[in-house]
Amino acid sequence: MEICRLPVRRDNYIFLLYDAQSRRAAVVDPADAPPVLTQLSQWQAELTDILITHHHGDHIGGISELKHVFPAARVYGGAGDRGRIPEQEVFLEDGDRLTVLRQPAEVLFVPGHTSAHIAYWFTKTADLFCGDTLFAGGCGRLFEGTPAQMLQSLDRLRNLPPETQVWCAHEYTLSNLTFALTVEPTNPALLERYTSVQRCREQGIPTIPTTIAQELATNPFCRWEQPSLHQATGYDEPVRVFAKLRGMKDVF
């Protein structure tokens with residue numbers, strides 16, 4: 001399975017999955033349809049699956065146009081997003097399993113950013129499509145969930161195999177790491193990553209995907225047990241540490 005990263009809008013990524021043998025494709029969080037249709041045309045591929053992580057407009061904006069061109073494509077989303085995702089046909093619960101382009105995937109319920117947010121973990125290829133729950137160097141804002149919910153969701157994701165590739169939906173890495181350095185300024189892995197990411201962004205190179213291992217080493221929102229973050233926040237209880245960090249990032 002090939003994964004094609006399509007940058008759209010200011011900082012969004014659409015992920016287009018392609019099976020060259022069958023010339024079939026799936027798309028994750030299509031903010032806009034035109035770049036997806038252009039790539040499908042180049043591949044001469046049929047779109048069979050539309051995978052949605054949550055209902056926000058910059059993740060669902062292209063669904064209707066894609067369905068107009070490929071009416072047989074099935075629209076997947078969380079069961080709790082019923083009525084909020086246009087043309088949704090499959091209503092997924094935590095632990096559901098599906099096959100996309102001949103690859104097995106598991107549905108993970110990861111609320112916090114929104115109340116019905118899900119992620120798709122492709123178990124054989126170790127690819128995670130997590131929308132706006134986990135970012136490279138950060139995590140999503142809490143629009144509909146609580147700090148405790150988001151902590152539980154992030155804990156679930158950080159316990160996936162360390163080699164898991166994390167395909168998050170926005171190019172926020174540099175700003176996230178800039179914040180991370182304010183709370184862990186002496187973290188050597190973070191300092192090294194910041195330099196690398198800064199160089200990449202200066203050259204217009206994407207920083208996605210990341211890996212679970214890299215997030216465990218450098219993302220403060222996955223490191224709430226660390227004494228350095230207890231010192232930075234004034235707390236050592238995990239939910240309090242996380243809530244303080246998220247509040248600090250919100251006004252950073």
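Following chains of ILVMFWY side-chain contacts shorter than 4.5 Å, one cannot reach Leu101 starting from Phe70, and the two form parts of different hydrophobic clusters. Following chains of ILVMFWY side-chain contacts shorter than 4.5 Å, one can reach Val166 starting from Met150, so the two form part of one hydrophobic cluster. With hydrophobic clusters built from ILVMFWY side chains whose heavy atoms lie under 4.5 angstrom apart, Ile63 does not share a cluster with Phe91. Follow the hydrophobic side-chain contacts under 4.5 Å out from Val75 and you never reach Val28; the two are in separate clusters. Val197 is connected to Leu181 through a chain of hydrophobic side-chain contacts under 4.5 Å among Ile, Leu, Val, Met, Phe, Trp and Tyr, so both are in one cluster.
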Ile208 and His170: CA distance, side-chain angles, deciding distance, side chain to side chain contact (heavy atoms under 4.5 Å, CB included) verdict: CA-CA 8 Å; Ile208 308 302; His170 291 273; over 6 Å; no
Trace of the salt bridge (charged side-chain N to carboxylate O under 4.0 Å, His left out) decision for Glu89 with Arg74: CA-CA 6 Å; Glu89 300 158 272; Arg74 303 185 78 192; 5.2 Å; no
Derivation and outcome, side chain to side chain contact (heavy atoms under 4.5 Å, CB included), residues Leu157 and Cys130: CA-CA 9 Å; Leu157 297 183; Cys130 56; 4.2 Å; yes
Worked check of side chain to side chain contact (heavy atoms under 4.5 Å, CB included) between Phe179 and Asn176: CA-CA 5 Å; Phe179 168 75; Asn176 284 340; 6.0 Å; no
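Rounding to the nearest 0.5 Å places CG of Asp29 at 8.5 Å from CG of Asp58. From Leu177, atom CG reaches atom CG of Leu191 across 10.5 Å, with rounding to the nearest 0.5 Å. Distance check: Leu128 CG to Thr210 OG1 gives 10.5 Å after rounding to the nearest 0.5 Å. The OG1 atom of Thr146 sits 9.0 Å away from the CD atom of Gln152 when rounded to the nearest 0.5 Å. Once rounded to the nearest 0.5 Å, the distance linking OH of Tyr120 with CG of Asp127 reads 15.0 Å. For the atom pair CD of Gln103 and CE of Met1, the computed distance is 5.5 Å after rounding to the nearest 0.5 Å.
Leu98 is listed as a side-chain neighbour of Val107, based on a closest heavy-atom distance under 4.5 Å. Using a 4.5 Å cut-off on side-chain heavy atoms (C-beta onward), Leu142 and Phe242 make contact. Side-chain contact between Ser115 and Arg84 is present, with heavy atoms from C-beta onward closer than 4.5 Å. Two residues are said to be in side-chain contact when any heavy atoms from C-beta on lie closer than 4.5 Å; Trp121 and Leu160 meet this criterion. Side-chain contact between Tyr76 and Ile52: absent, with no pair of heavy atoms (C-beta onward) separated by less than 4.5 Å. Using a 4.5 Å heavy-atom cutoff, the side chains of Val36 and Leu6 are in contact. Counting heavy atoms from C-beta outward, Arg240 and Thr233 have side chains that stay 4.5 Å or more apart. Inter-residue side-chain proximity for His59 and Thr53 is flagged as met; some heavy-atom pair is nearer than 4.5 Å.
Counting non-hydrogen atoms of neighbouring residues, nucleotides and ligands closer than 6.0 angstrom, the CD atom of Glu202 exceeds 12 such neighbours. In the displayed structure, Gln226 atom CD is contacted under 6.0 Å by more than 12 heavy atoms of other residues, nucleotides or ligands. By the 6.0 Å contact criterion, CD on Glu192 is open, its count of non-hydrogen atoms from other residues, nucleotides or ligands being 12 or less. Few gaps surround CZ on Arg5; more than 12 heavy atoms of other groups in view lie less than 6.0 Å from it. Crowding of Gln231 atom CD: a count of heavy atoms from other residues, nucleotides or ligands under 6.0 Å not exceeding 12. Few gaps surround CZ on Arg201; more than 12 heavy atoms of other groups in view lie less than 6.0 Å from it.
For Leu47 against Ala73, the heavy-atom pair with the smallest separation is O-CB, 3.5 Å. Shortest non-hydrogen contact noted between Leu134 and Cys222 is CD1-SG, 3.8 Å. Across all non-hydrogen atoms, the minimal contact from Ile60 to His55 is CD1-O, 3.2 Å. Of all the heavy atoms in Asn187 and Ala217, the pair that sits closest is ND2-O, 3.0 Å. When all heavy atoms of Val241 and Tyr235 are compared, the closest pair comes out as CG2-O, 3.3 Å. Residues Ser175 and Tyr172 share a closest heavy-atom pair of OG-O, 2.9 Å.
One N or O on the side chain of Asp96 and one on the backbone of Glu93 form a donor-acceptor pair closer than 3.5 Å. His117 contributes no side-chain N or O that, together with a main-chain N or O of Phe109, makes up a donor-acceptor pair within less than 3.5 Å. Proximity of a side-chain donor or acceptor of Glu215 to a complementary backbone N or O of Gly137 within less than 3.5 Å is detected. Judged by distance alone, with hydrogens and angles left aside, the side-chain atoms of Thr164 form no donor-acceptor pair with the main-chain N or O of Ala126 at under 3.5 Å. A side-chain donor-acceptor contact under 3.5 Å links Asn159 to the backbone of Asp155. Between the side chain of Glu65 and the backbone N or O of Ala33, no donor-acceptor pair lies under 3.5 Å.
With sequence neighbours left out, Thr207 forms a side chain to side chain donor-acceptor pair (under 3.5 Å) with Glu171, Thr173. With sequence neighbours excluded, the residues that form a salt bridge (Lys or Arg N to Asp or Glu O under 4.0 Å) with Asp94 are Arg156.
A donor-acceptor pair shorter than 3.5 Å can be found between the side chains of Glu184 and Ser228. Counted by atom type alone, Thr218 and Arg193 present one or more donor-acceptor pairs between their side chains at under 3.5 Å. Counting only N and O atoms by type, the side chains of Thr211 and Glu163 include no donor and acceptor under 3.5 Å apart.
Outside the 6.0 Å centre-distance limit, the rings of Tyr13 and Trp167 are not counted as a close aromatic pair. Ring centroid separation for the pair Phe122 and Phe129 comes in under the 6.0 Å cut-off.
Annotation: cation-pi geometry satisfied between Arg158 and Trp224 (NZ/CZ under 6.0 angstrom from ring centroid, within 45° of ring axis). Geometrically, Arg246 engages Phe221 in a cation-pi contact, judged by NZ or CZ lying under 6.0 Å from the ring centre and within 45° of the ring axis.
Screening Gln149, His56, Glu144 for a side-chain contact (heavy atoms from CB on, under 4.5 Å) with His113, the sole residue that qualifies is His56.
With salt bridges taken as basic N to acidic carboxylate O contacts below 4.0 Å, one links Asp19 and Arg102.
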